[in-house]
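Report on the following structure.
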Amino acid sequence: MTRDKSQCNKPLNGLCNKTYLGFISTLLLFSSVNATLLENSLIVYNGNVGLVHESKKIKITKNDKSITYENVASSIETDSVNVKLPNSVKLYSQQYRYDKLTLTKLLNAHIGKDIQVRILKNAKEFKVINATLLSNNGNSSLVKTDKKKIISVNSKDIIFKTIPSELLTKPSLVWNIKASKTLNTEMEIDYLIKNITWSSDYILNLGKKSADLSGWITIDNRSGKKFSDTSLYVLAGEINRAKKPTYRRELMYTKAAADSTPVAQEAHEGYHFYTIPFKVNLANNEKTQIKFTDKKSLKFERKYSAKLQNPLYLRGEIKSDVSQYIKLKGLDIPLPKGLVRTYSKLRGTSVLLGETNIAHTPKETDIELRLGKNFDVKVTQTLLSRDDSQRYFMADVKYTLKNSSDKTKRVEVLVPFNKNKNSIVKSSQKYKFTKGNLVTFSVLVKANSSKSFKVHFETKK
């Protein structure tokens with residue numbers, strides 16, 4: 001589409017519409033890399049780090065002094081770059097370059113080069129003249145017109161035909177090389193990037209007798225690079241790395257398209273390696289979710305537990321809440337650490353019962369998910385007497401469990417107390433020590449009723 005200069009009357013950020021559009025077109029079309037991508041993959045680790053692998057077909061001539069490798073992540077760890085070039089190409093040094101395009105950089109790069117300038121022709125019209133840029137000083141620049149006149153112009157009225165080759169507008173690696181011959185060859189590169197993470201999120205839907213568990217892998221990409229048609233892997237486990245600073249940006253959010261092929265997982269060197277079975281697109285500053293597990297009809301148990309105060313520190317009477325849990329018996333798959341949200345159905349709608357963070361969990365391991373505090377079950381601990389002697393601490397405590405619900409509940413009462421040969425616990429209610437020093441009572445409380453029991457505690461000073 002062409003347009004007469006006389007139609008260019010309204011400035012747009014200091015440039016006429018025609019000139020501005022031409023400038024943007026130049027930005028979009030400019031590229032200095034002559035390479036064809038053959039293969040690319042990404043491994044994302046726990047701990048804000050990713051490993052990029054790319055294989056490209058490139059042409060190197062005998063006279064080339066450098067190779068510019070564009071579109072690396074802006075968060076690249078440059079000291080991690082591992083590049084494989086043919087033996088006939090010697091690699092001397094490496095630079096990381098990223099010229100964020102600004103007016104000042106464009107002006108400096110065009111000194112001594114041909115440009116165009118938008119000049120006010122009359123009160124209503126502009127004209128465009130050819131000139132050579134001599135210098136710039138911020139808002140004003142000196143140019144030499146094609147009529148050999150030197151004039152001062154507003155820097156914003158200068159029009160650039162191209163982006164100079166010395167300006168790299170994409171994050172790039174520049175390798176200084178010496179090639180002994182011209183060749184079309186393949187090269188491989190691996191490098192680490194920061195600001196990319198993955199996490200696991202789980203949905204547990206409770207039925208009356210069984211539960212369904214689905215798991216999602218969430219990739220949070222803030223690395224400064226988009227990944228297109230990429231083979232994606234994630235590694236579950238904590239690799240040993242030095243801590244690096246991070247920064248935050250605003251994010252978009254998408255969910256990957258559904259795929260019927262399951263995510264494969266395998267153990268590797270003490271970690272678990274997950275392979276996404278389809279190519280993915282990861283935009284920069286975007287979250288992407290991929291479903292990786294779907295387990296049906298899992299058996300579960302309900303658990304009610306209250307951890308109380310050490311009887312030797314008890315004063316008077318204290319009422320305590322009872323936490324409720326869902327216990328999943330050992331699954332036949334490992335689960336990466338993540339957040340589990342538990343839901344149930346009531347009157348046709350889903351109700352969130354609670355959220356629990358789980359650690360990396362090997363297969364065949366029981367999982368306890370704390371939902372929250374039970375509304376209807378409470379425990380009261382009452383100090384009945386304290387009779388310390390010169391050698392012993394002694395306390396008598398009454399525990400009362402009240403169940404105001406319409407269902408019988410079995411409540412686990414946990415009392416921290418010294419476990420040694422000089423300690424004594426006496427009660428009509430059966431108990432056992434768990435987790436070292438917790439005196440544990442398993443108490444059955446019928447619906448809409450209370451149950452009490454007394455305990456004598458004694459330990460040597």
Side-chain angles (χ1 to χ4, degrees), residues 26-27 29-45 48-102 104-113 160 162-196 221-228 230-231 239-247 284:
T26 301
L27 276 178
L29 295 174
F30 178 79
S31 176
S32 63
V33 175
N34 182 19
T36 302
L37 183 63
L38 300 175
E39 179 188 0
N40 62 328
S41 65
L42 171 66
I43 303 175
V44 185
Y45 297 80
N48 198 38
V49 64
L51 176 61
V52 178
H53 171 79
E54 292 177 342
S55 175
K56 287 188 177 183
K57 186 176 182 179
I58 63 172
K59 181 177 181 179
I60 301 175
T61 67
K62 185 176 181 179
N63 296 325
D64 284 343
K65 300 299 182 184
S66 65
I67 299 174
T68 300
Y69 193 89
E70 289 186 336
N71 285 327
V72 299
S74 60
S75 64
I76 184 174
E77 295 188 7
T78 53
D79 55 356
S80 72
V81 173
N82 178 24
V83 59
K84 296 178 182 178
L85 292 168
N87 293 333
S88 58
V89 179
K90 291 185 178 181
L91 176 59
Y92 293 113
S93 63
Q94 172 183 281
Q95 298 170 319
Y96 171 73
R97 291 273 307 278
Y98 180 25
D99 296 313
K100 293 184 178 179
L101 207 57
T102 64
T104 299
K105 286 185 178 181
L106 276 173
L107 288 168
N108 290 337
H110 275 84
I111 292 176
K113 296 180 180 179
F160 308 98
T162 62
I163 299 176
S165 59
E166 62 265 28
L167 288 182
L168 298 181
T169 59
K170 301 174 183 177
S172 304
L173 292 172
V174 179
W175 294 305
N176 299 308
I177 64 164
K178 181 179 180 180
S180 60
K181 60 182 178 179
T182 297
L183 69 164
N184 289 307
T185 186
E186 294 182 12
M187 62 160 292
E188 292 184 7
I189 182 174
D190 299 283
Y191 62 88
L192 296 176
I193 59 175
K194 298 177 287 188
N195 305 321
I196 188 167
N221 180 22
R222 311 181 193 185
S223 67
K225 176 180 172 65
K226 70 175 182 179
F227 297 88
S228 300
T230 299
S231 299
I239 65 171
N240 187 39
R241 296 207 78 227
K243 291 184 178 180
K244 303 287 185 179
T246 61
Y247 55 90
N284 188 40

Notebook entry, point to check: Donor-acceptor pair, Ser80 side chain versus Leu192 backbone, under 3.5 Å?
Noted result: yes

Check: Is the backbone of Ser41 close enough, under 3.5 Å, to the side chain of Ser231 for a donor and an acceptor to pair up by distance?
Finding: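 No; zero donor-acceptor contacts below 3.5 Å.
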
Going by side-chain hydrogen bond (donor to acceptor under 3.5 Å, both in side chains), name the residues that satisfy it together with [X], two or more places apart in sequence or in a different chain.
| X | value |
| --- | --- |
| Thr230 | Asn40 |
| Asp190 | His53 |
| Asp64 | Thr61 |

Note to self: Cation-pi check for Tyr69 against Lys56: NZ or CZ below 6.0 Å from the six-membered ring centre and within 45 degrees of the axis, yes or no?
What the structure shows: yes

Notebook entry, point to check: Is there a side-chain contact (heavy atoms from CB on, under 4.5 Å) between Ile196 and Asn48 once you walk through the steps?
Noted result: CA-CA 5 Å; Ile196 188 167; Asn48 198 38; 5.8 Å; no

Spacing of [atom1] belonging to [X] relative to [atom2] belonging to [Y], to within rounding of 0.5 Å:
| X | Y | atom1 | atom2 | value |
| --- | --- | --- | --- | --- |
| Leu85 | Thr185 | CG | OG1 | 8.0 Å |
| Ser228 | Leu37 | OG | CG | 9.0 Å |
| Ser66 | Leu173 | OG | CG | 12.0 Å |
| Glu70 | Ser172 | CD | OG | 4.5 Å |

Among residues at least two apart in sequence or on other chains, which ones pass side-chain contact (heavy atoms from CB on, under 4.5 Å) with [X]?
| X | result |
| --- | --- |
| Lys84 | Asn82, Glu188 |
| Ser88 | Pro86, Ser180, Lys181, Leu183 |
| Glu186 | Leu38, Ser55 |

Do [X] and [Y] have side-chain heavy atoms sitting under 4.5 Å apart?
| X | Y | value |
| --- | --- | --- |
| Pro171 | Tyr96 | yes |
| Tyr92 | Ile177 | no |
| Val83 | Leu91 | yes |

Minimum heavy-atom distance between [X] and [Y], given as atom pair plus value:
| X | Y | answer |
| --- | --- | --- |
| Gly224 | Ser74 | CA-OG, 3.2 Å |
| Leu106 | His110 | O-ND1, 2.8 Å |
| Asn284 | Lys225 | OD1-N, 3.6 Å |
| Lys62 | Thr182 | N-OG1, 3.0 Å |
| Lys194 | Ser75 | O-OG, 2.9 Å |

Check: How far apart are the C-alpha atoms of Trp175 and Thr68, what are their side-chain angles, what is the distance that settles it, and do they pass the side-chain contact (heavy atoms from CB on, under 4.5 Å) test?
Finding: CA-CA 7 Å; Trp175 294 305; Thr68 300; over 6 Å; no

Next item on the list: Go through the steps for Leu51 and Leu42 under the test side-chain contact (heavy atoms from CB on, under 4.5 Å), then give the verdict.
Entry: CA-CA 6 Å; Leu51 176 61; Leu42 171 66; 6.0 Å; no

Next item on the list: Would you check, one step at a time, whether the test side-chain contact (heavy atoms from CB on, under 4.5 Å) holds for Val49 with Ile193?
Entry: CA-CA 6 Å; Val49 64; Ile193 59 175; over 6 Å; no

Notebook entry, point to check: Judged by modelled atom types alone, do Tyr191 and Glu54 share a side-chain donor-acceptor pair under 3.5 Å?
Noted result: no

Item checked: Residue that, paired with Gln94, satisfies side-chain contact (heavy atoms from CB on, under 4.5 Å) out of Asp79, Asn176, Thr78 ->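 Exactly one candidate clears the test, Thr78.
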
